[in-house]
Amino acid sequence: MSYIELDRDKCEGHGTCEQIAPAVYHLDDEGELDVLAGSLPESLTKAAEAGARVCPVAALRVVGDQ
Ligand code: SF4
């Protein structure tokens, strides 16, 4: 199982991750990023990785066995 690690100190609220993977990442009304908590369903792992790859400040990591 994989899960998402978000470095909130790095995140600048660009929203690129949400554009790529809206099922996993969501910016709230205050510009704070919500990510799916806990273990990722296998069906969303690739989307989570794709969103993490496009983050311009490398604030996201998908960790765990794939
Ligand atoms: S793309 Fe990166 S900086 Fe932008 S909201 Fe997502 S995690 Fe934050």
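As the structure lists them, so they are numbered: ligands from 1, and atoms in each ligand from 1.
Looking at every heavy atom in both residues, Ala58 comes nearest to Lys10 through O-NZ, 3.5 Å. Among all heavy-atom pairs drawn from Ile4 and Leu60, the shortest one is CG2-CD2, 4.0 Å.
With Tyr25 contributing its side chain and Gly15 its backbone, the two residues share no donor-acceptor pair below 3.5 Å.
The hydrophobic cluster containing Val54, built from Ile/Leu/Val/Met/Phe/Trp/Tyr side-chain heavy atoms closer than 4.5 Å, also comprises Ile20.
Scanning for salt bridge (charged side-chain N to carboxylate O under 4.0 Å, His left out) contacts around Arg61 gives Glu5, with sequence neighbours left out. Remark: Glu32 pairs with Arg8, Asp28 by the side chain to side chain contact (heavy atoms under 4.5 Å, CB included) rule, at least two apart or across chains.
Less than 2.8 Å away from atom 8 (Fe) of ligand 1, the protein contributes these N/O/S atoms: Cys11 SG.
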